Amino acid sequence: MRFSYVSHLYCPKCSKNYSVDDKQNLCECGSPLLVSYDYKALKEEWTKEDLVHREADLWRYHELLPVKKEENIVSLGEGMTPLLTMSELGKEYGITNLLMKDEGLIPTGSFKARGSAVGVSKAKELGVEELAMPTNGNAGAAWSLYAARAGIKSHVVMPEDAPMITRQEVHVAGADLIVIDGLISDAGKLVKEAVDQYGWFDVSTLKEPYRIEGKKTMGLEIAEQLKWNLPDVILYPTGGGVGLIGIYKAFKELVELGWIEPEKLPRLVAVQAEGCAPIVKAFKEGKRDSEFWTDSTTAAFGINVPKALGDFLVLEAVYETNGCAVAVSDDTILTEQHHVAELEGAFICPEGAATFAAAKKLRIDGWIKEEESVICLNTGMGIKYPETVPMNVSVRSKTERL
Ligand SMILES: *Cc1c(COP(=O)(O)O)cnc(C)c1O
Ligand SMILES: [Zn+2]
């Protein structure tokens, strides 16, 4: 048995192949690269039973991850997050089998930890010494913390309106934090110039092929947690869309291995905020890629991505699974965030709350049927977003009776 069955990188647009033993970014044609494995050997040599006694983290799937040597793994214990039943909320929505995959319990407080755990481990394997990225917050936090653990120096460029807590995470990790008076797209341009000049490794979303591999483990976990019987619908808060692309890739790989039935793939739903909904607009127009969304705005900052590099892969996943793309307003997002906490005791992030608002909407529209099994993905913990819960409680005298 090999530790990893990774074989090569390939371009989903022009089919050109690249080696996994060199540092790679985009394909010559400008498309993100995807990771391929030796599925034939994996099918013969790897079984579901091999998983039974493994640790409850994402490295339990190491055969289907790109890190070749176990000693290169950089881990903070990420993965195997709970899949919770949401029965009270389900009753209210009229969905009998409503579940939540809760990524709030992961190191760094958001599911970005998955992508950075695998991305940083692979960077270490490839001998990267310094990496750089633009970020809206959570990715920068996760990458700088994992990079610190790997002994890799990181340079993180953030817009000034990115949440303070994520800035603090980058700072405490000892990373080089640059805050700019611009947008994520401006941060991206600065990073591009700097990597050309200084030779840092560019780990911007999808410019680095291994982040998707980390995020695909959400799909592998969902399958394993449901005993290899997939749900009918999965709702995912979509910014760059890496998670959705990853989950779809996971399911296709499990089909390839014969671990799940091809006709039973869940309908994947890309959920966006009304203030930034390029994928939803493209979906409504039946298009295969999206256009830049100007003046984007939403409280769910993790999904404030006006133009995703992998938009065509997100749309493909949605079309191929008979899924859909829906936008919800910030008001409904914040209402659902309260609702989930009050009814189920889970303080989720606004991006996660968007998936509940979308589930409710799709149930009302009849797109989701009462008896269908539905998973909402909560991508981070609510306590990273204190500003989403404004309150004003006055202090009373301790001599007053309750
Ligand atoms: C980054 C982020 C998202 C969006 O993730 P993509 O996979 O890039 O679409 C959703 N929720 C949170 C909390 C995030 O930080
Ligand atoms: Zn290409």
Side-chain angles (χ1 to χ4, degrees), residues 56-58 75-86 88-89 99-117 135-146 148-149 156 158-173 175 177 179 214-215 218 221 235-239 243 271 273 298-304 328 330-359 375-393 395:
D57 63 37
L58 61 77
S75 176
L76 292 164
E78 57 289 331
M80 233 359 139
T81 53
L83 190 58
L84 304 170
T85 53
M86 306 294 268
E88 289 308 308
L89 210 58
L99 300 164
M100 172 172 77
K101 175 91 172 145
D102 191 4
E103 298 285 301
L105 277 81
I106 214 162
T108 80
S110 89
F111 82 126
K112 292 289 193 301
R114 291 183 189 267
S116 56
T135 177
N136 265 336
N138 283 334
W143 280 79
S144 34
L145 286 159
Y146 278 88
R149 190 163 171 86
V156 177
M158 253 191 220
E160 65 181 328
D161 58 2
M164 189 53 83
I165 182 69
T166 60
R167 260 195 237 181
Q168 285 159 326
E169 287 179 277
V170 174
H171 179 73
V172 81
L177 169 67
V179 179
K215 292 199 179 179
M218 288 186 288
E221 287 177 18
L235 298 105
Y236 180 81
T238 306
V271 179
T298 168
F301 68 86
I303 53 175
N304 191 347
V328 288
D330 272 21
D331 275 354
T332 60
I333 289 175
L334 297 177
T335 306
E336 279 328 290
Q337 188 191 29
H338 273 258
H339 221 62
V340 172
E342 283 168 4
L343 281 182
E344 301 284 0
F347 186 9
I348 64 174
C349 66
E351 295 84 350
T355 66
F356 285 98
I375 296 184
C376 287
L377 242 146
N378 175 43
T379 41
M381 53 166 60
I383 56 179
K384 280 191 96 168
Y385 303 68
E387 68 292 346
T388 58
V389 187
M391 49 165 232
N392 196 355
V393 183
V395 179

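Predicted model, so just to flag it, every value in this text is computed and none were measured.
- Between the side chain of Lys215 and the backbone N or O of Phe111, no donor-acceptor pair lies under 3.5 Å.
- With sequence neighbours excluded, the residues that form a ring-ring contact (aromatic ring centres under 6.0 Å, His included) with Tyr385 are Phe301.
- A side-chain N or O of Thr81 and one of Glu103 form a donor-acceptor pair less than 3.5 Å apart.
- A donor-acceptor pair is defined here as one N or O able to donate and one able to accept, closer than 3.5 Å; no such pair exists between the side chain of Glu336 and the backbone of Ala354.
- In terms of heavy-atom proximity, Ala273 sits nearest to Ile303 at N-CD1, 3.9 Å.
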Worked check of salt bridge (Lys or Arg N to Asp or Glu O under 4.0 Å) between Glu169 and Lys112: CA-CA 13 Å; Glu169 287 179 277; Lys112 292 289 193 301; over 6 Å; no
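- When only modelled atom types and interatomic distance are considered, Thr298 and Asp330 share a side-chain donor-acceptor pair under 3.5 Å.
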message: If you apply the rule side-chain contact (heavy atoms from CB on, under 4.5 Å), what do you find for Thr388 with Leu334, and how did you get there?
response: CA-CA 7 Å; Thr388 58; Leu334 297 177; 3.9 Å; yes
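- Residues Ser75 and Gly77 approach most closely at OG-N, 2.9 Å, considering heavy atoms.
- Residues Phe356 and Ile348 meet the side-chain proximity criterion, which asks for heavy atoms closer than 4.5 Å.
- Between the OG1 atom in Thr379 and the OH atom in Tyr236 there is a gap of 6.5 Å [rounded to 0.5 Å].
- The two residues Pro350 and Ile333 come nearest to each other via the heavy atoms O-CG2, 3.2 Å.
- Applying the salt bridge (charged side-chain N to carboxylate O under 4.0 Å, His left out) test to Glu78 and every residue at least two apart in sequence or in another chain returns nothing.
- Using a 4.5 Å heavy-atom threshold, the side chains of Arg167 and Val156 count as separate.
- The NZ atom of Lys101 sits 3.5 Å away from atom CD of Glu221, with the distance rounded to the nearest 0.5 Å.
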Trp143 and Thr135: CA distance, side-chain angles, deciding distance, side-chain contact (heavy atoms from CB on, under 4.5 Å) verdict: CA-CA 10 Å; Trp143 280 79; Thr135 177; over 6 Å; no
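- To the nearest 0.5 Å, the span separating CG on Leu84 from CD on Glu344 amounts to 8.5 Å.
- To the nearest 0.5 Å, atoms CG (Leu377) and CE (Met218) are separated by 5.5 Å.
- In terms of the side chain to side chain donor-acceptor pair (under 3.5 Å) criterion, Asn136 has no residue partners (sequence neighbours excluded).
- The minimum heavy-atom distance linking Glu160 with Val179 is given by the pair CA-CG1, 3.5 Å.
- Between atom CG of residue Asn378 and atom CG of residue Asp102 there is a gap of 5.0 Å, rounded to the nearest 0.5 Å.
- Here the closest heavy-atom approach between residue Lys384 and residue Thr108 is recorded as NZ-O, 2.8 Å.
- Contact between Ala173 and Ala148 at its shortest, heavy atoms only, is O-CB, 3.7 Å.
- For the atom pair CG of Leu105 and CE of Met381, the computed distance is 7.0 Å after rounding to the nearest 0.5 Å.
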